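Contents: one structure, followed by commentary.
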Amino acid sequence: MPFTRIAIPSGKPAAFQQQLSRILHHNLVTHFGVPADDCFQLIDQYDADSRVFDRHYLTGTRSDEFVLFQITAGRPRSTDQKWALYQGLAKQLHDDLGLSPDDVMVVIQFTASEDWSFGGGRMFELDANTAEQRPQG
């Protein structure tokens with residue numbers, strides 16, 4: 001049940017945004033164990049004056065095409081799953097959209113199931129014994 005905010009440079013066409021979204025979701029399903037119908041994303045565009053980032057911090061060189069994925073997920077993932085997501089996402093963004101891997105930054109945060117409400121004012125809870133959603137009420 002991840003939710004992702006994606007920060008991109010302003011002026012990107014709808015086709016770019018849709019492909020970016022598809023690539024992210026494909027990699028979440030493939031490497032992160034996300035169900036195919038579990039897709040929640042917001043894509044935010046920022047002009048150059050609203051994007052402050054170090055062009056060399058812990059990477060080669062970031063360009064004006066720098067993209068940040070901020071993923072909030074409900075259950076923790078293994079180091080191997082995170083590594084596969086980072087690698088798969090950077091590779092596919094490069095192959096399909098021409099983004100340099102140095103322009104792809106991913107930040108993952110995990111929350112407890114009770115930190116989510118998917119609607120109706122209901123808290124999402126997983127039964128620890130069955131990993132199924134616990135009924136409420």
Side-chain angles (χ1 to χ4, degrees):
M1 57 185 175
F3 166 73
T4 305
R5 290 192 79 113
I6 307 167
I8 64 174
S10 63
K12 293 295 183 186
F16 175 90
Q17 294 177 59
Q18 291 165 0
Q19 184 68 4
L20 186 75
S21 171
R22 282 191 293 272
I23 290 169
L24 170 64
H25 190 64
H26 170 78
N27 280 277
L28 287 170
V29 170
T30 301
H31 303 296
F32 222 57
V34 172
D37 61 347
D38 183 355
C39 185
F40 295 91
Q41 303 170 3
L42 289 178
I43 299 174
D44 303 316
Q45 294 192 46
Y46 296 93
D47 62 31
D49 293 335
S50 299
R51 293 165 35 96
V52 179
F53 57 91
D54 189 291
R55 293 193 180 260
H56 303 286
Y57 187 75
L58 297 178
T59 192
T61 301
R62 288 184 186 90
S63 76
D64 291 337
E65 298 301 308
F66 171 64
V67 176
L68 171 63
F69 295 87
Q70 185 177 7
I71 301 170
T72 303
R75 68 175 168 81
R77 300 318 200 273
S78 71
T79 300
D80 289 342
Q81 286 176 297
K82 292 177 208 174
W83 180 256
L85 174 66
Y86 303 149
Q87 293 292 305
L89 182 60
K91 180 180 182 340
Q92 192 172 2
L93 288 170
H94 180 263
D95 292 349
D96 294 0
L97 290 175
L99 281 175
S100 166
D102 287 336
D103 281 330
V104 178
M105 183 173 174
V106 180
V107 178
I108 302 172
Q109 300 168 306
F110 296 102
T111 61
S113 61
E114 67 267 11
D115 295 328
W116 298 76
S117 173
F118 288 95
R122 294 178 303 276
M123 181 186 338
F124 182 79
E125 290 185 273
L126 288 180
D127 184 311
N129 297 320
T130 64
E132 299 289 326
Q133 185 172 0
R134 183 182 312 165
Q136 297 180 359

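Because the structure is predicted, anything quoted here is derived from the model rather than measured.
For Asp54, the side-chain contact (heavy atoms from CB on, under 4.5 Å) partners two or more places apart in sequence, or in a different chain, are His56, Tyr57. Taking Gln41 as the reference, Ser21 meet the side chain to side chain donor-acceptor pair (under 3.5 Å) condition, with sequence neighbours excluded. Applying the side chain to side chain donor-acceptor pair (under 3.5 Å) rule to Ser10 yields no partners; only residues at least two apart in sequence or on another chain are considered. The side-chain contact (heavy atoms from CB on, under 4.5 Å) search around Asp38 returns Met1, Pro2, Val34, Pro35, Phe40, not counting sequence neighbours. Not a single side chain to side chain donor-acceptor pair (under 3.5 Å) links Gln17 to another residue, sequence neighbours left out. Looking at residues two or more places apart in sequence or on another chain, you find a salt bridge (Lys or Arg N to Asp or Glu O under 4.0 Å) between Asp44 and Arg5. Evaluation of the salt bridge (Lys or Arg N to Asp or Glu O under 4.0 Å) rule for Arg55 yields Asp64 as partners, not counting sequence neighbours. Checked against side chain to side chain donor-acceptor pair (under 3.5 Å), Trp116 has the following partners two or more places apart in sequence or in another chain: Thr111. In terms of the salt bridge (Lys or Arg N to Asp or Glu O under 4.0 Å) criterion, residue partners of Asp95 (sequence neighbours excluded) are, by chain and number, Lys91. For Asp80, there are no salt bridge (Lys or Arg N to Asp or Glu O under 4.0 Å) partners at least two apart in sequence or on another chain.
Among residues at least two apart or in separate chains, there is no ring pair (Phe, Tyr, Trp, His ring centres under 6.0 Å) pair with a member in residues 83-112.
Here the options are Ile6, Val29, Ile43, Val106, the test is side chain to side chain contact (heavy atoms under 4.5 Å, CB included), and the partner is Leu24; only Ile6 passes. Screening His26, Gln19, His25 for a side chain to side chain contact (heavy atoms under 4.5 Å, CB included) with Ile23, the sole residue that qualifies is Gln19.
Residue Leu42 is grouped with residue Phe118 when hydrophobic side chains (ILVMFWY) are merged at heavy-atom distances under 4.5 angstrom, including chains of intermediate members. No path of Ile, Leu, Val, Met, Phe, Trp and Tyr side chains, each step under 4.5 Å between heavy atoms, connects Val104 with Tyr46, placing them in separate hydrophobic clusters. At a threshold of 4.5 Å between side-chain heavy atoms, the hydrophobic network of Ile, Leu, Val, Met, Phe, Trp and Tyr places Met105 and Phe16 in two separate groups.
Formation of a donor-acceptor pair under 3.5 Å by the Asp103 side chain with backbone atoms of Ser63 is found in this model.
The distance from the CG atom of Leu89 to the CG atom of Asn27 is 5.0 Å, given to the nearest 0.5 Å. Here the CD1-CD distance, from Ile108 to Gln81, works out to 9.5 Å after rounding to the nearest 0.5 Å.
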Mind listing the side-chain donor-acceptor pairs of residues 65-72 below 3.5 Å, one per line with the distance, residues two or more places apart or on another chain?
{"unit_1": "Glu65", "atom_1": "OE1", "unit_2": "Lys12", "atom_2": "NZ", "d": "2.3"}

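In the model, Asp47 has a side-chain atom that pairs as donor or acceptor with a side-chain atom of Ser50 under 3.5 Å.
Annotation: cation-pi geometry satisfied between Arg77 and Phe32 (NZ/CZ under 6.0 angstrom from ring centroid, within 45° of ring axis).
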